[in-house]
**Q** 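Below is the structure I would like to discuss, written out as structure tokens.
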Amino acid sequence: MADASVALVTGASSGIGRSIAQRLGAAGYRVFGTSRRGAEPGGHEAPPGASAPGLVEMLSLDVREDASVDACVENALQRAGRIDLLVNNAGLYLRGAVEETTLDEARALYETNFFGTVRVTNAVLPHMRARAHGHIINIGSLSAYFPLPFGAFYSSAKAALLNYTEALRHEVASLGVRVSVIVPGFVRTDISAHSERAEREIPAYAAMRRAAVGTMTRSVERGITPDDVAAVVVRAARSAAPRLVYRVGRDAAWLPRVRAILPAALVERETRRTFHLDTPPRDD
């Protein structure tokens, strides 16, 4: 494995991140996966130098903390000597109306979903620049194009990530570093079970919130698999000329294009109909 390309994948303990780490390992990368608890089910905490094809070496990382990010990146560099590929996947979902969500709750989501990506990128980027080589892949979301009702802060963080990725791509292209974003549609993960919920609930939103969450849950159940996303990450990582945006799944492939040509009033009406916001289902 001495000559294998080295990948660092954040949020690799489950779901999309785990599939990405495993796919990269199977493709011949030496993979460092991260989670806040280090080694967990699905990952292996290997001692320095104990790499093997397909093995994901799990490292502890809290993307919200500068010291944790610096220590994790330094650990990977000491073990492998370089990082060729960074996949920023760590994230969480916050469920609640805008009015129900406190600023502290919104900030906490941004610290993970947006500023966490910025922290890890800033820690890895100097090493990539020094070698004039590297690829940064951020995991985005279709909600950057279609904001989810009762998921405003998740959607807005993903929209910020999309623009951040494009701007960063321009800044580092001439320095030998490539930057891409993967935009999946709904993915069959346990996001609903592990989502954060705004602590305050306002009765006026209850029926709409229930309807919107139900629509999202059903969409996730019918979504693509984490491995579908991972396969595209590997394809992008191996590309000699990677694109800025890779959309994964039928909904992600065509919905942004449709939105660009449809009247705004029609898009709004269809969104409200899809999430049952005007006629929420009755409990009985």
Side-chain angles (χ1 to χ4, degrees), residues 1-2 4-93 111-113 116-125 127-128 134-140 161 180-182 184 187-191 194 225-238 248:
M1 292 287 287
S5 294
V6 178
L8 177 65
V9 181
T10 69
S13 63
S14 63
I16 295 172
R18 178 190 290 178
S19 290
I20 292 170
Q22 291 173 343
R23 271 267 186 173
L24 288 168
Y29 283 78
R30 180 176 181 182
V31 182
F32 294 99
T34 78
S35 79
R36 280 184 285 179
R37 292 178 293 277
E40 307 183 28
H44 305 276
E45 183 97 46
S51 60
L55 175 68
V56 177
E57 302 174 62
M58 293 299 293
L59 304 176
S60 296
L61 171 64
D62 187 338
V63 299
R64 302 169 301 179
E65 300 291 339
D66 292 346
S68 178
V69 170
D70 291 342
C72 177
V73 171
E74 184 60 29
N75 192 352
L77 288 170
Q78 286 182 355
R79 293 188 183 204
R82 67 183 194 271
I83 297 173
D84 302 289
L85 173 66
L86 168 63
V87 182
N88 286 304
N89 168 75
L92 57 85
Y93 187 80
E111 283 295 336
T112 297
N113 290 22
T117 292
V118 174
R119 281 190 188 88
V120 180
T121 298
N122 284 350
V124 172
L125 191 53
H127 307 282
M128 289 185 171
H135 192 177
I136 298 167
I137 298 179
N138 298 325
I139 305 301
L161 181 67
S180 304
V181 61
I182 310 295
V187 184
R188 293 202 301 271
T189 66
D190 54 1
I191 185 172
H194 289 84
T225 69
D227 196 58
D228 292 327
V229 181
V232 175
V233 170
V234 173
R235 176 158 58 89
R238 285 176 155 178
V248 191

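Along the sequence shown, residues carry numbers from 1.
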**Q** Can you name the residues that form a side-chain hydrogen bond (donor to acceptor under 3.5 Å, both in side chains) with Asp227, not counting sequence neighbours?
**A** Arg23

**Q** Check whether any side-chain heavy atom of Leu85 lies under 4.5 Å from a side-chain heavy atom of Ile137, and answer yes or no.
**A** yes

**Q** What residues, two or more places apart in sequence or in another chain, satisfy salt bridge (Lys or Arg N to Asp or Glu O under 4.0 Å) together with Arg64?
**A** Asp62

**Q** May I have the list of side-chain donor-acceptor pairs in residues 228-235 shorter than 3.5 Å, sequence neighbours left out?
**A**
unit_1	atom_1	unit_2	atom_2	d
Asp228	OD2	Thr225	N	2.9
Asp228	OD2	Thr225	OG1	3.1

**Q** Test Leu161 against Asn113 for side-chain contact (heavy atoms from CB on, under 4.5 Å), laying out the working first.
**A** CA-CA 8 Å; Leu161 181 67; Asn113 290 22; over 6 Å; no

**Q** Sort and list the pairs that fulfil salt bridge (charged side-chain N to carboxylate O under 4.0 Å, His left out) and have at least one residue in residues 65-76, not counting sequence neighbours.
**A** Asp66-Arg119

**Q** What's the separation between atom CG in Leu92 and atom OG1 in Thr112, rounded to the nearest 0.5 Å?
**A** 4.5 Å

**Q** Carefully, step by step, assess Val9 and Leu24 under the rule side-chain contact (heavy atoms from CB on, under 4.5 Å).
**A** CA-CA 9 Å; Val9 181; Leu24 288 168; 3.8 Å; yes

**Q** So how far is it from Met58 CE to Phe32 CZ, rounded to the nearest 0.5 Å?
**A** 12.0 Å

**Q** Might you point out which heavy atoms bring Gly140 and Pro184 nearest each other, and give the distance in Å?
**A** O-CD, 3.3 Å

**Q** Which heavy-atom pair separates Ser60 from Cys72 by the least distance, and what is that distance?
**A** O-CB, 3.7 Å

**Q** Distance from Glu57 atom CD to Arg79 atom CZ, nearest 0.5 Å?
**A** 5.5 Å

**Q** Which atoms form the tightest heavy-atom contact between Met128 and Asp84, and what is the distance?
**A** CE-O, 3.7 Å

**Q** Quick one: closest heavy-atom pair of Val31 and Gly25, and the distance?
**A** CG2-N, 3.4 Å

**Q** Roughly how far apart are Glu111 CD and Thr117 OG1, rounded to 0.5 Å?
**A** 11.5 Å

**Q** Would the number of heavy atoms belonging to other residues, nucleotides or ligands and lying under 6.0 Å from CZ of Arg188 be above 12?
**A** yes

**Q** To the closest 0.5 Å, what do you measure between CG (Leu55) and CD (Gln22)?
**A** 11.0 Å

**Q** Taking the side chain as every heavy atom from C-beta outward, state whether Leu77 and Val6 have any atom pair closer than 4.5 Å.
**A** no

**Q** Under the side-chain contact (heavy atoms from CB on, under 4.5 Å) rule, collect the residues that match up with Thr10, sequence neighbours excluded.
**A** Thr34, Leu61, Asn88, Asn89, Ala90, Val120

**Q** State whether the side chain of Arg30 and the backbone N or O of Ala4 hold a donor-acceptor pair below 3.5 Å, judged by distance alone.
**A** no

**Q** Residues in side-chain hydrogen bond (donor to acceptor under 3.5 Å, both in side chains) with His135, at least two apart?
**A** Ser180

**Q** Would you name the heavy atoms of Val56 and Gly33 that are closest together and state the gap between them?
**A** CG1-N, 3.8 Å

**Q** Return the CG to CG distance between Leu8 and Leu86, rounded to the nearest 0.5 Å.
**A** 5.5 Å

